[in-house]
There are 2 protein chains.
Amino acid sequence: MVASQFRPDLMSVIEDMGYRITQPRRDVVKLLETKPDGFGAEEIHGALPEVGRATVYRTIRLLLDIGVICKLVMRDGSTKYSLARVEHHHHLVCVRCGTVEEFLDSTIERLVRAIGAEVSGEILGHRIEFDVICKTCLDYAN
Amino acid sequence: MVASQFRPDLMSVIEDMGYRITQPRRDVVKLLETKPDGFGAEEIHGALPEVGRATVYRTIRLLLDIGVICKLVMRDGSTKYSLARVEHHHHLVCVRCGTVEEFLDSTIERLVRAIGAEVSGEILGHRIEFDVICKTCLDYAN
DNA sequence: GCAGTATTGAGACTGAGTATCAATATGGTT
DNA sequence: AACCATATTGATACTCAGTCTCAATACTGC
């Protein structure tokens with residue numbers, strides 16, 4: 001039920017979309033790939049002093065547009081991004097350690113379609129996020 | 001399925017929580033009560049020149065803390081608030097006119113509990129938002 | 001009506017993200 | 001390998017939403 005890690009090379013995706021392969025983009029993407037649990041824009045900027053702030057944000061926006069990362073808003077209003085391993089999924093966000101885990105559930109998708117029938121209007125999309133305490137944090141507390 | 005409009009007087013709720021009844025708070029709350037479809041902070045501030053900007057934000061925060069309004073993040077990343085008519089609910093946000101409608105669905109809540117069993121970790125809360133084109137906008141298009 | 005404290009407003013500040021623009025790197029040609 | 005057109009970059013100024021500060025003011029209980 002947790003999404004698996006099958007994922008094409010991000011740089012090739014960028015190239016295939018007609019964007020240029022540049023050193024800053026390589027640097028940012030390489031760093032992101034080491035962050036399976038989500039990352040913040042400033043965190044990336046801080047870790048890559050050789051890449052300009054604007055470029056970090058631009059690259060993140062580009063990856064969002066391409067659809068290979070997704071943006072999520074935490075309970076406290078801050079923003080995180082996370083690598084999208086699978087097309088459509090939802091998030092389990094640990095309120096303690098901030099780890100983001102994707103998950104898929106066909107029941108939810110079926111339900112969403114069922115609700116579409118009940119609602120007066122047309123459903124275009126949905127966002128579902130669960131605030132959790134992840135297993136690691138739970139174990140740690142004991 | 002759409003939430004009904006039974007709602008206690010907001011000012012009494014504020015008073016009952018031990019906060020003072022002040023003119024700025026009365027002004028803000030009075031205006032909010034005319035906005036069943038959601039509102040933005042700057043929109044409120046713009047409409048109430050006699051109330052300071054900080055106070056508008058403070059009042060909104062207070063109402064959030066009390067739990068009588070809820071914050072929601074639109075698809076475009078902007079923030080809206082909406083009067084909470086019922087304790088726990090989800091939102092139908094019209095991507096065309098921006099109208100926010102609450103809705104309840106016991107199936108969702110049952111499902112959330114079921115997912116709690118599958119997930120490794122403890123579920124504390126969840127947010128579900130549907131992007132829709134509301135009936136009014138659909139009709140208007142025809 | 002008074003005192004003590006919660007609240008206010010003006011404005012400075014913050015953090016996240018965007019726009020500008022001259023300088024530079026990239027990829028397709030030759 | 002050098003060349004060119006243009007996509008991209010970095011520095012910096014800027015915007016926007018929201019918060020902080022602090023002296024002045026308004027509430028509420030007495």
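Hydrogens, waters and symmetry mates are skipped; everything else that's a heavy atom, side chains included, is used. Small disclaimer: the values here were computed from a predicted structure and weren't measured. Proteins get letters first, then strands, A, B, ... in listed order; numbering begins at 1 in each.
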Please set out all donor-acceptor pairs under 3.5 angstrom arising from side-chain atoms of residues 58-65 of chain A, sequence neighbours excluded.
unit_1: A:R58; atom_1: NH2; unit_2: A:T55; atom_2: OG1; d: 3.3
unit_1: A:T59; atom_1: OG1; unit_2: A:T55; atom_2: O; d: 2.8

Next on the checklist: So, using salt bridge (Lys or Arg N to Asp or Glu O under 4.0 Å) as the criterion, who are the partners of A:K35 when residues are at least two apart?
Outcome noted: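 A:K35 satisfies salt bridge (Lys or Arg N to Asp or Glu O under 4.0 Å) with A:E43 once adjacent residues are dropped.
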Do the side-chain N or O atoms of [X] get closer than 4.0 angstrom to the phosphate oxygens (OP1, OP2) of [N]?
X     : N      : value
B:Y57 : D:dT19 : no
A:T22 : D:dT9  : yes
A:Y81 : C:dG17 : yes

Checklist outcome for this item: Taking for A:Y19 and for B:Q23 the nucleotide of DNA chain D with the nearest heavy atom, the one nearer the 5' end belongs to A:Y19
Item to check | B:E42/B:R53 salt bridge by N-O under 4.0 Å criterion | outcome: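 The answer is yes: the pair qualifies as a salt bridge.
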Checklist entry - At under 4.0 Å between heavy atoms, what does A:E50 touch on the DNA or RNA strands: base, sugar-phosphate, or nothing? => result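 Sugar-phosphate, backbone atoms only, no base.
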Next on the checklist: Please classify the nucleic acid contact of A:T79 as base, sugar-phosphate, or nothing, using heavy-atom distances under 4.0 Å.
Outcome noted: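 Here A:T79 touches the backbone only, sparing every base.
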Checklist entry - Cut-off 3.5 Å, side chains only: do A:E109 and A:H126 have a donor facing an acceptor? => result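 On atom types as modelled, these side chains qualify, holding a pair under 3.5 Å.
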Checklist entry - For the atom pair CG (B:D27) and CG (B:L48), what is the distance rounded to the nearest 0.5 Å? => result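 So the gap between those two atoms works out to 6.0 Å.
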Item to check | Polar pair under 3.5 Å, donor/acceptor by atom type, side chain A:R58, base C:dG17 | outcome: no
Checklist entry - So does A:R20 reach the base of D:dT6 with its side chain, donor to acceptor, closer than 3.5 Å? => result yes
Item to check | side-chain hydrogen bond (donor to acceptor under 3.5 Å, both in side chains) partners of A:H91, counting only residues at least two apart | outcome: A:H89
Checklist outcome for this item: Tracing side-chain contacts under 4.5 Å among Ile, Leu, Val, Met, Phe, Trp and Tyr outward from A:Y57 reaches none
Pull out every protein N or O sitting under 3.5 Å from an N or O of nucleotides 11-14 of chain C, one pair per line with the distance.
none

Next on the checklist: Nearest to the side chain of B:E42, heavy atoms from C-beta on, is which of D:dA17, C:dG27, C:dA16?
Outcome noted: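 Looking only at heavy atoms from C-beta outward on B:E42, the closest nucleotide is D:dA17.
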Next on the checklist: Between the opening five pairs and the closing five pairs of the helix from C:dG1-D:dC30 to C:dT30-D:dA1, how far apart are the helix axes, to 10°?
Outcome noted: 40°
